[in-house]
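Since the model is a prediction, treat every value here as computed from it, not as a measurement.
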Amino acid sequence: MRWRRPSVWPRPWMGPAVWALIAAFLVWNAVSLQVDLARVARGLGRLGTLVSRAFPPDFSRAGLLASGMLESIEIATLSTVFGVLLGIPVAVLAARNVVPLWVYGGGRSAISLGRTFHELIVAILFVKAVGFGPLAGILTLTVNSVGFFGKLLAEQIETIDRGQIEAVRATGASRGGVLVFGVLPQVLPRIIGLTIYQWDIHLRQSTIIGIVGAGGIGATLYNAFSRYDYDFAVAILIVIVALVLVGEAVSAVARKWVT
């Protein structure tokens, strides 16, 4: 008697019916979004024209490239510093093993709120609030840091050794003393590692949020595309790639040195 694999469907016709529904849904998506080969062919033709106008890249405005790149680095660095300074207390408030339940709920809510919206959405809000420029970028990535950094650090705090905390508490230390001498030494390497990693992420993000007016080299890229200055736009893209690669190399060396 041959063994037959049991079907996941209660009825034999259900499997083909589900696949037919999925196929119909995909076809409906393609039609409603006007995805057709004619549009793709026209787009490829225009893309070829754009590429022909974009090469060779124009590096003649080196000063503008350098200022945009420097501004992105400054945005990434300041937002990382501010994000870490805000993220550490938020992480403590979101660690279940060091705070009461009602405080824990508030800390977790703050982290969830910081992780809810994409940085471009947050950047648009801050551009409307404080105007165009790097300040909006710094505020955007700071908010982004609180959610990301706070979540990972809170999870690390929840895994620390309770014995060291109890030993510090037995000396009569206050709640602040317990945090400084019982919690912080155990998570300090993690804080340093997360800070370096966060800076690396912000370096990439700072090249993107400028597209919506939040400063950095992304703003220079957006202006170049707006003027149909494609050869200069390609030069900016090359600089962005180089900036990200250098940042990744610096981050990797720093993490290796820390560990």
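- Through ILVMFWY side-chain contacts below 4.5 Å, Leu21 is grouped with nothing and stands alone.
- Here the shortest heavy-atom pairing between Ala91 and Ala154 reads O-CB, 3.6 Å.
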- Task: Could you please spell out the steps behind the side-chain contact (heavy atoms from CB on, under 4.5 Å) verdict for Leu135 and Phe126?
- Result: CA-CA 9 Å; Leu135 177 59; Phe126 277 121; over 6 Å; no
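- Taking Ile, Leu, Val, Met, Phe, Trp and Tyr as members and joining any whose side-chain heavy atoms lie under 4.5 Å apart, directly or through other members, Leu70 forms no hydrophobic cluster with any other residue.
- No continuous path of hydrophobic side-chain contacts links Leu139 to Val212 [ILVMFWY only; heavy atoms under 4.5 Å].
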Report, one line per pair, each donor and acceptor closer than 3.5 Å where one atom sits in a side chain of residues 79-89; sequence neighbours left out.
{"unit_1": "Ser79", "atom_1": "OG", "unit_2": "Ile75", "atom_2": "O", "d": "2.7"}
{"unit_1": "Ser79", "atom_1": "OG", "unit_2": "Ala76", "atom_2": "O", "d": "3.1"}
{"unit_1": "Ser79", "atom_1": "OG", "unit_2": "His202", "atom_2": "ND1", "d": "3.1"}
{"unit_1": "Thr80", "atom_1": "OG1", "unit_2": "Ala76", "atom_2": "O", "d": "2.6"}
{"unit_1": "Thr80", "atom_1": "OG1", "unit_2": "His202", "atom_2": "ND1", "d": "3.1"}

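- Side chain of Thr77 to backbone of Glu74: no donor-acceptor contact under 3.5 angstrom is found.
- The two residues Gln198 and Phe149 come nearest to each other via the heavy atoms OE1-N, 3.9 Å.
- Linking Ile, Leu, Val, Met, Phe, Trp and Tyr residues whenever their side-chain heavy atoms come within less than 4.5 Å leaves Val90 and Phe148 in two separate clusters.
- When the side-chain hydrogen bond (donor to acceptor under 3.5 Å, both in side chains) test is applied to Ser109, no partner is found at least two apart in sequence or on another chain.
- Under the 4.5 Å side-chain contact rule for hydrophobic residues, Leu78 and Val130 do not share a cluster.
- Scanning all heavy atoms of the two residues, the minimum distance from Ala136 to Gly131 falls at CB-O, 3.7 Å.
- From Ser145, atom OG reaches atom CD of Glu119 across 11.0 Å, with rounding to the nearest 0.5 Å.
- Residues Val146 and Leu125 fall into different hydrophobic clusters, defined by Ile, Leu, Val, Met, Phe, Trp and Tyr side chains chained together at heavy-atom separations under 4.5 Å.
- Hydrophobic clustering (side-chain heavy atoms under 4.5 Å, transitive across Ile, Leu, Val, Met, Phe, Trp, Tyr) groups Leu203 together with Ile236.
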- Test side-chain contact (heavy atoms from CB on, under 4.5 Å) applied to Thr142 and Ile138, step by step: CA-CA 6 Å; Thr142 298; Ile138 293 171; 4.1 Å; yes
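- The other residues sharing a hydrophobic cluster with Val127 are Phe132, where clustering joins ILVMFWY side chains under 4.5 Å apart.
- Taking the side chain as every heavy atom from C-beta outward, Asn144 and Gln205 approach each other to under 4.5 Å.
- For residues 127-152, the set of pairs meeting the salt bridge (charged side-chain N to carboxylate O under 4.0 Å, His left out) definition, not counting sequence neighbours, comprises Lys151-Glu155.
- Here the side chains of Trp19 and Ile22 are in contact, with some heavy-atom distance below 4.5 Å.
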- Query: Would Leu141 and Ile209 satisfy side-chain contact (heavy atoms from CB on, under 4.5 Å), going step by step from the backbone distance to the final call?
  - Reply: CA-CA 9 Å; Leu141 298 185; Ile209 58 175; 4.0 Å; yes
